[in-house]
Amino acid sequence: MGKRNEEVHFDQDALLDQALDALDEKRDSTRERALSVIIGAFSSKMQHQFVDKKFATLLHQCLALIKKGSKKASAKEIALTSHAIGLLSLTVGCSDNAREIFEESVRPLDEFLTSKSDLTKIPSLLECLAIITFVGGNGLEETERSMDILWRVIHPRLGSNVVAVKPSAPLITAVVSAWSFLVSTMSDLKLNSKNWQNSISYLSSLLDKEDRPVRIAAGEALVVIFEIGITEKFSADSKGASDMTQEEINRQESYTHLQGLKAKVINQVKNLSVEAGGKGSAKKDLNNQRNLFRDIVDFFEYGYSPEISMKIGGDSLQTSSWSQMIQLNFLKHFLGGGFVKHMQENEFLQEVFNFTPKRRYLNNNEHRMSSGEKRMFKSPNSVQNKARTQLLNKQRLLSEGRNLGHYAANMVDD
């Protein structure tokens, strides 16, 4: 049995090597097939041994495709390349390799998104940026940078040579979903009140849009902002006005304004939770919207957060906050058919969701770790040992009170 497993393992390694070589081919269809092979392999198994040997080659081949792709590559090739980079990041977890992916990829992704050469290529790039920031970004400044890049896709900085193009509903949905995913990683918000007022006003305006996925994405973004505690940041002590400093007066005004915005959002959410089906409205989408907004109403009225319990093999993965739910849904969507396998074997994701499969490595027939995997999981610098530390550091840095300001500065209500 062991020999058969080794043969299968060797065949897959050989297939991956061939796919990596094929990324240099001139024919689009050849590169797309190669990327599909790589994505399939990284979705169905933790490719630590391959990554140990070929990490840099794979990353830089993918980045080369992104860099030349703004004009030449098809939307399909850009989507596959973005997905491959995101999977590579999730596979290496919290490690120096994840830092390298983040540091090397942010600029080419930003330049591609800014160029807006083909809007059909953008949603996959947004997901990729969110994933690599989630895994490899350190601290508030880097999360802020990625959030700024995301917002500029639908709120460009208008210069003399920039023409304002009204973003499509799917594009708005993709941006808001990726942005919410990054907001959900923040354990605290000590942020510029004016910019958060702009953010909440804009998201509130999206709740009035006709497109249902836009409304759902905006509702999730709003609830995660309020769950983390945006209004509480600006609540002032109940002193008399004559005893308050100017800073305290400003905080009180911000708090009052945010409370007014919150009241408006609550009213919108209540209406959406009981919305009647409109013309041509798909019943499933309508039910999803009603259920989501009922849950959001419960959150605003009773502090309720949805609890999810999901079976992964014989084990149960549980979440109990809006932030966790948004992270889970985003990662589940990104990983697709590879989600269960990654949750069973990906130590980084297990740390994120505090999930420990009971059956892990209990079966003697499961593969034995290669030297590369041992180095990744057993050494003091391993993914396993670094993951918790880096996640805690990330949460600490995010809560240290820098102003997450400029990403919202150009936002205006429609």
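Predicted, not measured: the structure shown is a model, and the values here were computed from it.
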Open item on the list: Any salt bridge linking Arg99 with Glu142? Criterion: basic side-chain nitrogen under 4.0 Å from a carboxylate oxygen.
Closed with: yes

TODO: Using a strict cut-off of less than 4.0 Å between a Lys/Arg side-chain nitrogen and an Asp/Glu carboxylate oxygen, indicate whether Asp148 and Arg152 qualify as a salt bridge.
DONE: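 Salt bridge flag = yes for Arg152 with Asp148.
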
Open item on the list: Walk me through whether Tyr304 and Trp322 qualify under ring pair (Phe, Tyr, Trp, His ring centres under 6.0 Å).
Closed with: CA-CA 9 Å; Tyr304 161 85; Trp322 285 100; 7.4 Å; no

TODO: Evaluate side-chain hydrogen bond (donor to acceptor under 3.5 Å, both in side chains) for Thr319 paired with Glu307, printing each intermediate quantity in order.
DONE: CA-CA 6 Å; Thr319 69; Glu307 294 184 2; over 6 Å; no

Open item on the list: Can you confirm whether Lys76 is buried at NZ, in the sense that more than 12 heavy atoms of other residues, nucleotides or ligands lie under 6.0 Å from that atom?
Closed with: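 No - once you tally the heavy atoms of other residues, nucleotides and ligands closer than 6.0 Å, there are 12 at most.
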
Open item on the list: If you count heavy atoms of other groups shown closer than 6.0 angstrom to CD of Glu210, is the number above 12?
Closed with: no

- [ ] Report the C-alpha separation of Gln350 and Thr356 in whole Å, then their side-chain angles, then the decisive distance to 0.1 Å, and conclude whether the side-chain hydrogen bond (donor to acceptor under 3.5 Å, both in side chains) test is met.
- [x] CA-CA 6 Å; Gln350 289 167 7; Thr356 309; over 6 Å; no

Task: His333 vs Glu127, side-chain hydrogen bond (donor to acceptor under 3.5 Å, both in side chains): CA-CA, chis, key distance, verdict - done: CA-CA 10 Å; His333 170 75; Glu127 281 195 340; 3.0 Å; yes

Task: Parallel, tilted or perpendicular: ring planes of Phe134 versus Phe181, cut at 30 and 60 degrees - done: tilted

Open item on the list: Under the side chain to side chain donor-acceptor pair (under 3.5 Å) test against Ser74, which residue among Glu32, Lys121, Arg31 passes?
Closed with: Glu32

TODO: Just do the side-chain hydrogen bond (donor to acceptor under 3.5 Å, both in side chains) check on Ser323 and Ser184 with the steps written out, would you?
DONE: CA-CA 5 Å; Ser323 293; Ser184 75; 5.3 Å; no

Open item on the list: Quick one about Ser305 and Ser321 (side-chain donor to acceptor, distance below 3.5 Å, no hydrogens or angles considered), yes or no?
Closed with: no

Task: Residue pairs, two or more places apart or on separate chains, that pass salt bridge (charged side-chain N to carboxylate O under 4.0 Å, His left out) and touch residues 80-91 - done: none

